[in-house]
Amino acid sequence: MSYLELLKLASPEAIITVTALAVLAIGLAGGRGFVAAAVSAAKPTADVGDTPATSAPASGICCFVATLGLALAAGAVLMLPQHTTLFRGMVVITPLNSLFKVICIALAFFTVLLARSDRSSRNHGEYLALVLLATIGLMLLIGSEELLMIFIGLELTGLSLYVMTAFDKTDLRSAEAGLKYFLFGSTASAFTLFGLSFIYGMSGTTGLAAIGQKLTTASLQPLLAVGIVMTLVGFAFKIAAAPFHLWAPDAYQGAPVPSAAFIASGSKVASFVVLGQIVLVGFGPVHGSAAWHAMVGGWSPVLAALAALSILIGNLVALAQSNVRRLLAYSAVAHTGYTLLGLVAGGRDGFSATLFYTTVYAFTLVGAFGVVALVRRETGGDDLTNFSALWSRSPLLAGCMSIFMLSLAGLPPLAGFFGKFYLFSAALRAGANHGLLWLVALALFGSLISLYYYLVVLKVIFVAPALSEVERVDELSTKVPTIKLELLQRVSLSVLAALVLFLGIAPAPLVSRIIASLP
């Protein structure tokens with residue numbers, strides 16, 4: 001194969017790479033320059049707020065170039081052939097991979113729009129370049145069925161997300177969140193790489209299909225079991241499954257809002273796609289059983305234990321949260337437990353349910369973080385009190401947040417309801433005698449608990465009185481300041497809310513596409 005043919009097959013990643021370099025160059029050229037930076041640094045009274053920032057015109061150009069590059073990359077994905085395998089699985093093009101590459105690009109697109117509305121962000125070009133580089137890592141992660149290439153994709157994504165988490169130099173919580181995320185992430189990467197080395201040593205190959213064939217004829221030896229468990233531990237960190245979730249609350253709360261949105265959406269979607277391929281294709285012969293009456297050793301009981309802990313810890317701790325971003329973090333831990341149900345169930349039905357649920361959850365969470373970003377910009381915080389009487393300040397934000405919260409709670413006719421129904425029904429049908437009934441019952445109990453803290457957010461938005469600063473200054477004035485939204489912000493939030501509603505009313509197009517793309 002010539003390099004030109006290889007470049008055609010890797011054209012989406014190449015387009016985003018060129019776009020990242022272009023955005024970085026525009027951001028550097030559009031700033032105040034090195035002279036202004038030197039003058040600012042030389043001032044004895046200079047503080048962090050004096051740091052040169054990308055000018056507004058350059059910021060708009062960076063955003064336009066980034067969105068244009070992502071749109072071109074999505075078009076290039078649609079032009080790829082249906083089935084291609086290169087270098088023994090290092091680069092794989094299938095309908096499933098192409099579909100989720102487009103989904104990750106769409107999530108990156110909305111993240112760029114969210115970053116555009118974040119006025120507190122400095123060095124806009126560098127930040128958008130990091131978002132694009134993280135997107136490349138997600139695409140490499142999805143488009144491979146070879147363990148070494150998957151690990152490279154994980155590291156490229158992880159390094160970009162670490163920097164994105166600690167990007168806000170004006171907030172000490174951002175630096176703390178980035179440090180914790182980096183330390184936990186590097187430890188998880190070490191676990192993953194060590195586990196993959198054990199798997200390679202016992203199977204003699206790094207291709208998922210070849211590993212599955214080797215395990216078909218071999219028994220589950222101790223070293224192989226250790227390798228599988230260590231690999232699952234590494235991925236449990238990536239998807240924020242309990243008890244490997246301790247980085248998530250600080251990262252969600254301390255990171256810039258667009259960074260938290262991308263970590264919770266794009267990173268999770270790609271991680272679940274790859275985790276499903278690893279356990280169902282590579283580790284399929286050692287599935288085991290998590291049924292309450294016939295427990296058999298394998299990766300399935302490990303994932304079932306992670307799911308149960310995630311549902312319990314995530315929902316119970318979320319009850320005590322007063323910060324909306326921290327509440328969404330513990331909610332994400334619980335939703336990780338729900339999503340793992342499909343992988344524990346196994347088969348095409350279980351995997352398709354996992355993929356559908358993680359997709360609708362990702363778009364829902366991006367929308368929720370979009371509302372949080374706008375409220376934080378106007379009020380200076382993201383606690384529950386900052387959302388008081390949001391309906392009177394911005395009916396659009398209140399309506400969109402209601403759709404997102406109710407979808408996360410799993411109420412009809414929103415996408416979260418069908419996603420949970422699809423997951424729970426797939427888990428009930430798996431195996432004989434409803435062996436996963438205990439896990440489904442626990443998930444239903446967790447959903448019941450989650451309904452309370454989601455409704456608390458809506459109560460604050462619609463029922464709680466407004467906390468207006470002008471009420472204390474002038475007793476005769478009771479007018480609550482409205483939140484002004486730009487056209488781009490209104491359109492993006494409305495599109496996400498409409499998408500969540502549409503996928504709940506008519507989920508068949510996405511479900512059928514996912515099922516048709518599965519082998």
Side-chain angles (χ1 to χ4, degrees), residues 3-4 6-31 54-81 91 93 97-118 121-144 152-153 156-161 163-164 167 256-259 261-263 265-267 269-270 362-363 366 370 486-489 491-492 495-496 499:
Y3 286 107
L4 182 59
L6 179 60
L7 182 60
K8 289 180 180 178
L9 296 176
S11 57
E13 290 84 355
I15 290 173
I16 297 182
T17 302
V18 173
T19 304
L21 296 176
V23 167
L24 186 61
I26 294 171
L28 292 175
T54 305
S55 61
S59 175
I61 295 173
C62 289
C63 181
F64 174 76
V65 172
T67 54
L68 179 61
L70 290 171
L72 292 175
V77 172
L78 299 178
M79 299 297 292
L80 294 175
V91 178
I93 299 174
N97 296 343
S98 298
L99 173 63
F100 279 90
K101 282 182 180 180
V102 172
I103 290 173
C104 287
I105 290 173
L107 294 171
F109 181 87
F110 284 108
T111 303
V112 170
L113 296 182
L114 183 58
R116 177 72 180 93
S117 63
D118 188 8
S121 62
R122 288 171 166 78
N123 303 317
H124 206 69
E126 289 90 331
Y127 184 81
L128 294 182
L130 286 171
V131 174
L132 295 173
L133 292 175
T135 306
I136 297 171
L138 297 181
M139 296 174 70
L140 293 176
L141 192 60
I142 293 173
S144 179
I152 292 173
L156 177 58
T157 303
L159 291 174
S160 301
L161 295 180
V163 181
M164 286 171 60
F167 201 81
V257 178
S259 302
F262 197 65
I263 292 171
S265 58
S267 176
V269 167
F363 283 106
V366 169
E486 300 175 0
L487 177 61
L488 185 62
Q489 297 164 355
V491 171
S492 58
V495 168
L496 287 169
L499 183 63

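Atoms considered below: every heavy atom in the structure, side chains included; atoms not considered: hydrogens, waters and symmetry mates. Being a predicted model, the structure only gives us computed values, none of them experimental.
- F363 places a side-chain heavy atom less than 4.5 Å from the side chain of I103.
- A side-chain contact (heavy atoms from CB on, under 4.5 Å) with F262 is found for exactly one of T135, L130, V366, namely T135.
- With a 4.5 Å cut-off on side-chain heavy atoms, F110 and S265 do not count as touching.
- Note: H124 NE2 to R116 CZ = 6.0 Å, rounded to the nearest 0.5 Å.
- Scanning both residues, C62 and G27, for their nearest heavy atoms gives SG-N, 3.7 Å.
- The stretch residues 102-113 participates, sequence neighbours left out, in no side-chain hydrogen bond (donor to acceptor under 3.5 Å, both in side chains) pair at all.
- In this structure, CG on L141 lies 13.5 Å from CD1 on I136, to the nearest 0.5 angstrom.
- The salt bridge (Lys or Arg N to Asp or Glu O under 4.0 Å) analysis of residues 14-26, with sequence neighbours excluded, yields no pairs.
- L78 CG to S98 OG: the interatomic distance, rounded to the nearest 0.5 Å, is 8.0 Å.
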May I have the list of side-chain donor-acceptor pairs in residues 9-22 shorter than 3.5 Å, sequence neighbours left out?
from	atom 1	to	atom 2	distance (Å)
S11	OG	K8	O	2.9
E13	OE2	K101	NZ	3.2
T17	OG1	E13	O	2.8
T19	OG1	I15	O	2.7

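- Separation of atoms CD1 (I152) and CG (L140) is listed at 8.5 Å; rounding is to 0.5 Å.
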Inset, instruction - Show your working on side chain to side chain contact (heavy atoms under 4.5 Å, CB included) between M164 and I263 and close with a plain yes or no. - result: CA-CA 9 Å; M164 286 171 60; I263 292 171; 6.0 Å; no

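- Here the closest heavy-atom approach between residue S492 and residue L113 is recorded as CB-CD1, 4.1 Å.
- Between V269 and A362, the shortest heavy-atom contact is CG2-CB, 3.6 Å.
- Counting only heavy atoms from C-beta outward, the side chains of L28 and E126 approach each other to under 4.5 Å.
- Listed here is the closest heavy atom pair of G125 and V23: O-CG1, 3.4 Å.
- Nearest heavy-atom pair, G137 versus T157, reported as atom, atom and distance to 0.1 Å: C-OG1, 3.1 Å.
- The two atoms that bring L138 and A270 nearest to each other are CD2-CB, 3.6 Å, heavy atoms only.
- For the atom pair CD1 of I93 and CD1 of I142, the computed distance is 13.0 Å after rounding to the nearest 0.5 Å.
- Atom OG in S160 sits 5.0 Å away from atom CG in L133 (nearest 0.5 Å).
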Using atom types as modelled, flag every donor-acceptor pair under 3.5 Å from a side chain in residues 64-73 to any protein atom, sequence neighbours excluded.
from	atom 1	to	atom 2	distance (Å)
T67	OG1	C63	O	3.0
T67	OG1	F64	O	2.9

